[in-house]
Protein chains: 2
Amino acid sequence: MKQAVKANREQQSEEILKHNKLSVTDSRKFILAFFLQQKGAISHGDIEKKAADRFDRVTIYRTLQTFVDRGLVHTIPTADNSIRYALCKDDCGKGEHHDHHIHFICDKCRQTFCLDDVVTPEIRLPRGYSAGHVEVVVEGVCKDCR
Amino acid sequence: MKQAVKANREQQSEEILKHNKLSVTDSRKFILAFFLQQKGAISHGDIEKKAADRFDRVTIYRTLQTFVDRGLVHTIPTADNSIRYALCKDDCGKGEHHDHHIHFICDKCRQTFCLDDVVTPEIRLPRGYSAGHVEVVVEGVCKDCR
DNA sequence: CTTAAAAAAGCAACAATGTTGCAAAAAGCC
DNA sequence: GGCTTTTTGCAACATTGTTGCTTTTTTAAG
């Protein structure tokens, strides 16, 4: 049963890669499947632990970079100097990101979530400043930990 | 003339340190004066460059950590893996931070500013989530670069 | 001003994280 | 299958951050 779910994620990963005109390789399938399995955002370290020597560290860095470049994942800023990555939703697609959603970091489980349903608010800036991207990170307790 | 301004910042730094019951040392005065001089937020690297071997790298790390612990400065999350620090305003004070303001990163000069007058908006979270701290980072073009 | 206790700085060594160049291997394509 | 392009693995290196310990500086008290 669980085997079937995993196989499905592998299948799904392969389709996503092809759809984005990326070569289908073991590491990319593995990392993408990890993203699909994961509810929250993940870091390079998370992948390295999970992969456990199946791939070179450098490969993981490069794969993540490729995914970011192609708009498959986006980065989430954190205060503790560890870049986290999360899968982009369909509406991100090629080129620009439309990640209007906010990010949530749980103080207890330390997981990072994309709250896709919560839209970033309009920010009124002082005269002279023009806004591009707005990033909102909320820290608190998630629904599983409360 | 400029000499006087600099001397004044040194003086001011010393007062802040004493007010926070911290020993007055060269490195602390230097780093605090740098914060006072700077409009935006600064990183460990910025200080290291500015200090140019006057202090050990470790001392800078520890000084920054002390300042954060004592509530003199706060950290700002960024997407590019470099922790940035900014001076806290008076209302932060001892213990908890009240940095309700948002942060602004200029795409052109890459400086980070605290927009003290812009208050973080209320965020309506999905059922089950409870919010603690809310961090808003806006990227765009600052008033000096437009 | 001198001095003893406390705090901070400097040094060295280490750990973690991220980057680059290049040769070998795998994927894509006819 | 064979050829071209892309990706991987490896090694070496750069940057960033941490820890333990000794020396120096600061503080506070006489």
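In what follows, every heavy atom counts, from backbone to side chain, and hydrogens, waters and symmetry copies are set aside. Just so it is clear: chains get the letters A, B, ... in the order the sequence lines come, proteins before strands, and each one is counted from 1.
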Between [N] atom [atom2] and [X] atom [atom1], what is the distance in whole Å?
| X | N | atom1 | atom2 | result |
| --- | --- | --- | --- | --- |
| A:Arg70 | D:dT7 | CZ | C1' | 13 Å |
| A:Phe30 | D:dT7 | CZ | C1' | 17 Å |
| A:Asp56 | D:dG9 | CG | C1' | 5 Å |
| A:Lys21 | D:dT7 | NZ | P | 14 Å |
| A:Asp46 | C:dT17 | CG | P | 10 Å |
| A:Leu64 | D:dT8 | CG | P | 11 Å |
| A:Lys29 | D:dT8 | NZ | P | 12 Å |
| A:Asn20 | D:dT6 | CG | C1' | 16 Å |

Closest to the 5' end of DNA chain D, once A:Arg54 and B:Gln65 are matched to their nearest nucleotides, is A:Arg54

By side chain to side chain donor-acceptor pair (under 3.5 Å) - contacts of A:Ser130 (at least two apart):
none

What protein N or O atoms touch nucleotides 13-17 of chain D N or O atoms at under 3.5 angstrom, if any, and at what distances?
unit_1	atom_1	unit_2	atom_2	d
D:dG17	OP1	A:Asn81	ND2	2.8
D:dG17	OP2	B:Tyr61	OH	2.8
D:dG17	O5'	B:Tyr61	OH	3.4
D:dG17	N7	B:Arg57	NH2	2.9
D:dG17	O6	B:Arg57	NH2	3.1

When the rotation axes relating C1' atoms of four end pairs to the next four are compared across the helix from C:dC1-D:dG30 to C:dC30-D:dG1, five pairs an end, they differ to 10° by 40°

State the NZ-CG distance between B:Lys29 and B:Leu22, to the nearest 0.5 angstrom.
13.5 Å

Tell me, please, which residues at least two apart from [X] pass salt bridge (charged side-chain N to carboxylate O under 4.0 Å, His left out).
| X | answer |
| --- | --- |
| A:Lys18 | A:Glu14 |
| B:Asp56 | none |
| A:Asp26 | none |

The criterion is ring pair (Phe, Tyr, Trp, His ring centres under 6.0 Å); which residues satisfy it with A:Tyr129, sequence neighbours excluded?
B:Phe104

Restricting to side-chain contact (heavy atoms from CB on, under 4.5 Å), what partner residues turn up for A:Lys108, sequence neighbours left out?
A:Cys106, A:Val141, A:Cys145

Please say yes or no: joined through hydrophobic side-chain contacts below 4.5 Å, possibly via intermediate residues, are A:Leu36 and A:Val68 part of one cluster?
yes

Please list all pairs passing the salt bridge (charged side-chain N to carboxylate O under 4.0 Å, His left out) test where one or both residues lie in residues 116-132 of chain A, with sequence neighbours left out.
A:Lys89-A:Asp116

Identify each donor-acceptor pair in which a side-chain atom of residues 58-67 of chain A lies under 3.5 Å from a protein atom, sequence neighbours left out, and give them as a table.
unit_1	atom_1	unit_2	atom_2	d
A:Thr63	OG1	A:Thr59	O	2.6
A:Gln65	NE2	A:Asp69	OD1	3.0
A:Thr66	OG1	A:Arg62	O	2.8

Phosphate OP1/OP2 of D:dT7 contacted by A:Thr59 side-chain N/O (<4.0 Å):
no

Tabulate atom names and distances for all N/O pairs under 3.5 angstrom spanning the protein and nucleotides 22-30 of chain C.
unit_1	atom_1	unit_2	atom_2	d
C:dG28	OP1	A:Val24	N	2.8

A:His101 and A:His74: ring pair (Phe, Tyr, Trp, His ring centres under 6.0 Å), yes or no, with the steps?
CA-CA 12 Å; A:His101 64 275; A:His74 62 269; 5.3 Å; yes

So which pairs with a foot in residues 19-38 of chain A pass ring pair (Phe, Tyr, Trp, His ring centres under 6.0 Å), sequence neighbours left out?
A:Phe30-A:Phe55

From the set D:dA11, D:dT7, C:dA9, return the single nucleotide nearest to any side-chain atom of B:Thr63.
C:dA9

Just checking B:Ser27: base, sugar-phosphate only, or nothing, at a heavy-atom cut-off of under 4.0 Å?
sugar-phosphate

